[in-house]
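Written below as structure tokens is the structure these notes are about.
What you see is a predicted model, and the numbers here were worked out from it, not measured in a lab.
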Amino acid sequence: MKKRIAIVGTGPTGIYSLQQMLTTGLPLSVTLFEKTDRAGVGMPYSTDASSMAMLANIASIEIPPVVIPYLDWLRRLPDDRLAECGLDRATLHDRQFTPRLLLGDYFRDQLLALVAQARGAGHDIRIVENAEVADIAPADAGLCLQVAGLGAQGPFDRVILATGHSFPDADEATRSYFPSPWSGLIEARIPATAVGIMGTSLSSIDAAMAVANQHGRFVQEGEDLVFHPEGRGLHITLMSRAGILPEADFYCPIPHEPLSVMTGPAVAACLARPAPLDALFDLLRAEIMQADPAFALRIGLGGLDADSFAPAYFAVRAAADPFRWARRNLAEVERNKAARATVPWRYALLRMHEALQEVLSDLPEADCARFDAGLKKVFVDNYAAVPSESIRRVLALRDAGLLSIRALGEDYDLTLDGSRTLIRTAGEELAFEIFIDARGQKPLDSADLPFPTLRKALLAAGQTTPDVAQDYGLIDVAGYSGRLSLAAIPYLMHDRPFVQGITASADIAAAIAGGLSTRRRRRLVS
């Protein structure tokens, strides 16, 4: 008999889950439930959440192919569609950053192609759009879904929960306050006034672009990108505790080369040491010293520890003007890309965060708190480097006198005063007529799940955060263990803080597919 599977959510995680299951050789009957009217797009890449000015923070070379690689798909697009997206067929390459909307079109197209292939191979595949799943409940023969407008669906042998990112509902937004960039900002008409944006990451930069593009246009003048405002009154302020901009995406070999010191066995061995986090930092220090002795000497790495490394890492950057730093960094990155040159310490950090993530959930609670307060910030800063074009746009807005950055420090208050948002620090008060919170996805708990029966079962099992196995199946939850795979990223972030992005979606999908036959039960996070 065909294995009956439901996939809830059809963004990248849902698509890669279907793709990977099709490689298992099992006969499948799969139903994909999508709450919107366009399956396959995914929230970050939809017209509701993105505009043409918003760039994806991943290049073609990094995107796991579904049916065909992203670059091959781009090359099949008509010239007018490429031009609409600011792309030229002659200059397409595999390290290019493209608008998010194009990625949404790619994933939808690939889902439809994948479904056609699967049906041709004898699998039963059904896509149900405009189908929001309201609950997931155990039944004698599996799990049943309650779907708005459709009633009970199932039973299914396995349900894969791939609902993706979750942000405050658009209903919480007002005409002057947006709890996230995805709560109506794209459709809103923003006046030329004082606009505050909480955060300085790519999401924050994209929010600034969504506002700026309503009041002017970016023009390439020779080698310079220039912003020409239309009218007066607009000023955008990006804010964060440190008040620093992300660095531009740097060149490095892909696929990643293996680490020399921080190997899997070496990382695992640290867990048996009396001070696991400090043992892990010893590996980090040795890896960087071997990869880039000059950088290690420059920041005094030999005298640093797991708690002092982050302050030393950010010190020079935090003391510099953020826009001057961004110009220097952009120039360096562009030189290195042209020369295909890799900055060794940056590349080492990029690879080490993946190695460390495998053991973070096994660290003592005190070490986890220390990691979050220090090293985590370094790794996030490193892997969250942004497209060079995003930095160019930031600098163009700065040069036009329309953008500033404020460091708020660790202690500030945010209050709503009528239609205004006020931010008070020890030294000043900032007032904004428009405010956008763009700090990104926060980890979610079992109590945040929108499925009441599943939520009740998790809490009854004492799991304030879901406990999942290597195949992302729930563990020790009555009626759900062995039946439900939790692939919704916000609920995995407590112990796996770097589990974000398209490559993580593909990795999760591969583990789920592997578990369909092997049923690996060892805990992944707890």
Side-chain angles (χ1 to χ4, degrees), residues 49-55 57 99-100 173-219 224-248 321-327 330 384 386-409 412 414-417 419-425 428-440:
S50 294
S51 70
M52 200 59 72
M54 296 180 172
L55 297 177
N57 198 20
R100 289 185 193 175
T174 68
R175 288 183 295 177
S176 60
Y177 178 84
F178 297 88
S180 84
W182 302 279
S183 55
L185 176 64
I186 300 303
E187 298 85 9
R189 179 62 189 171
I190 305 298
T193 187
V195 178
I197 300 177
M198 187 62 77
T200 54
S201 67
L202 182 60
S203 295
S204 310
I205 293 171
D206 280 345
M209 298 310 132
V211 173
N213 278 311
Q214 295 188 26
H215 299 281
R217 59 195 181 99
F218 292 95
V219 178
D224 298 323
L225 184 68
V226 178
F227 185 78
H228 292 290
E230 298 169 357
R232 298 180 178 180
L234 177 66
H235 190 84
I236 302 169
T237 303
L238 300 179
M239 294 165 285
S240 66
R241 285 185 168 87
I244 61 174
L245 285 167
E247 295 195 322
D321 176 271
F323 298 105
R324 290 198 186 100
W325 182 277
R327 289 185 203 279
L330 179 61
V386 304
S388 293
E389 185 66 16
S390 295
I391 298 297
R392 290 192 189 94
R393 293 172 180 175
V394 164
L395 293 174
L397 288 178
R398 169 65 172 180
D399 291 342
L402 302 181
L403 182 68
S404 60
I405 293 177
R406 292 297 182 94
L408 301 178
Y412 64 87
L414 187 155
T415 58
L416 299 180
D417 180 23
S419 63
R420 300 192 309 164
T421 299
L422 305 179
I423 296 184
R424 296 182 179 90
T425 69
E428 63 181 336
E429 178 179 283
L430 306 173
F432 301 102
E433 300 300 324
I434 303 291
F435 182 81
I436 305 160
D437 192 334
R439 286 176 287 187

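Side chains of Met209 and Phe218 form a contact here, defined as non-hydrogen atoms less than 4.5 Å apart. Side-chain contact between Arg327 and Leu395: present, with at least one pair of heavy atoms (C-beta onward) separated by less than 4.5 Å. When side chains are defined from C-beta on, His235 counts as touching Ser404, because their heavy atoms get closer than 4.5 Å. At least one side-chain heavy atom of Phe227 sits under 4.5 Å from a side-chain heavy atom of Leu402. Under the 4.5 Å side-chain criterion, counting only non-hydrogen atoms from C-beta, Asn213 is not in contact with Met52. Within the 4.5 Å cutoff, the side chain of Pro322 has no heavy atoms near those of the Thr200 side chain. Side chains of Ile236 and Val211 form a contact here, defined as non-hydrogen atoms less than 4.5 Å apart. Side-chain atoms of Pro387 and Asn57, non-hydrogen and from C-beta on, do get closer than 4.5 Å to each other.
Taking every heavy atom of both residues into account, Pro191 and Ile434 meet most closely at CD-CD1, 4.0 Å. Of all heavy-atom pairs between Leu238 and Gly199, the closest is CB-O, 3.9 Å. Across every non-hydrogen atom of Ile405 and Gly243, the tightest pair is CG2-O, 3.4 Å. Between Arg100 and Leu55, the shortest heavy-atom contact is NE-O, 3.4 Å. What you find for Ser203 and Pro181 is that their closest heavy atoms are O-CG, 4.3 Å. Shown here for Pro246 and Ala384, the closest heavy-atom pair between the two residues is CB-O, 4.1 Å.
In this structure Arg424 satisfies the side chain to side chain donor-acceptor pair (under 3.5 Å) test together with Thr415, Glu429, sequence neighbours excluded. Ala192 meets the side chain to side chain contact (heavy atoms under 4.5 Å, CB included) test with His215, Leu234; sequence neighbours excluded.
Between the Arg393 side chain and the Ala53 main chain, a donor and an acceptor come within less than 3.5 Å of each other.
Between Asp224 and Arg392, no side-chain nitrogen of the basic residue sits less than 4.0 Å from a carboxylate oxygen of the acidic one, so the salt-bridge criterion is not met.
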- request: Kindly indicate, with the supporting measurements, whether the criterion side chain to side chain contact (heavy atoms under 4.5 Å, CB included) is fulfilled by Met198 and Ser240.
  value: CA-CA 6 Å; Met198 187 62 77; Ser240 66; 5.9 Å; no
- request: List the steps, then state whether side chain to side chain contact (heavy atoms under 4.5 Å, CB included) holds for Leu408 with Ile423.
  value: CA-CA 9 Å; Leu408 301 178; Ile423 296 184; 4.1 Å; yes
message: Quick one, Phe323 with Asp399, criterion side chain to side chain contact (heavy atoms under 4.5 Å, CB included). Give me CA distance, side-chain angles, the key distance, then yes/no.
response: CA-CA 10 Å; Phe323 298 105; Asp399 291 342; over 6 Å; no
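In this structure, the separation between OG on Ser176 and CZ on Arg420 is 11.0 Å, given to the nearest 0.5 Å. Residue Leu330 holds its CG atom at 13.5 Å from CH2 of Trp325, rounded to the nearest 0.5 Å. For the atom pair CG of Leu245 and CG of Leu202, the computed distance is 11.5 Å after rounding to the nearest 0.5 Å. In this structure, OG on Ser180 lies 10.0 Å from CD1 on Ile436, to the nearest 0.5 angstrom. The CD1 atom of Ile197 sits 9.5 Å away from atom CZ of Phe432, with the distance rounded to the nearest 0.5 Å. Put simply, CE on Met239 and CG on Asp437 are 9.0 Å apart, with the number rounded to the nearest 0.5 Å.
The side-chain hydrogen bond (donor to acceptor under 3.5 Å, both in side chains) contacts involving residues 185-197 comprise Arg189-Gln214, where partners must be two or more places apart or lie in separate chains.
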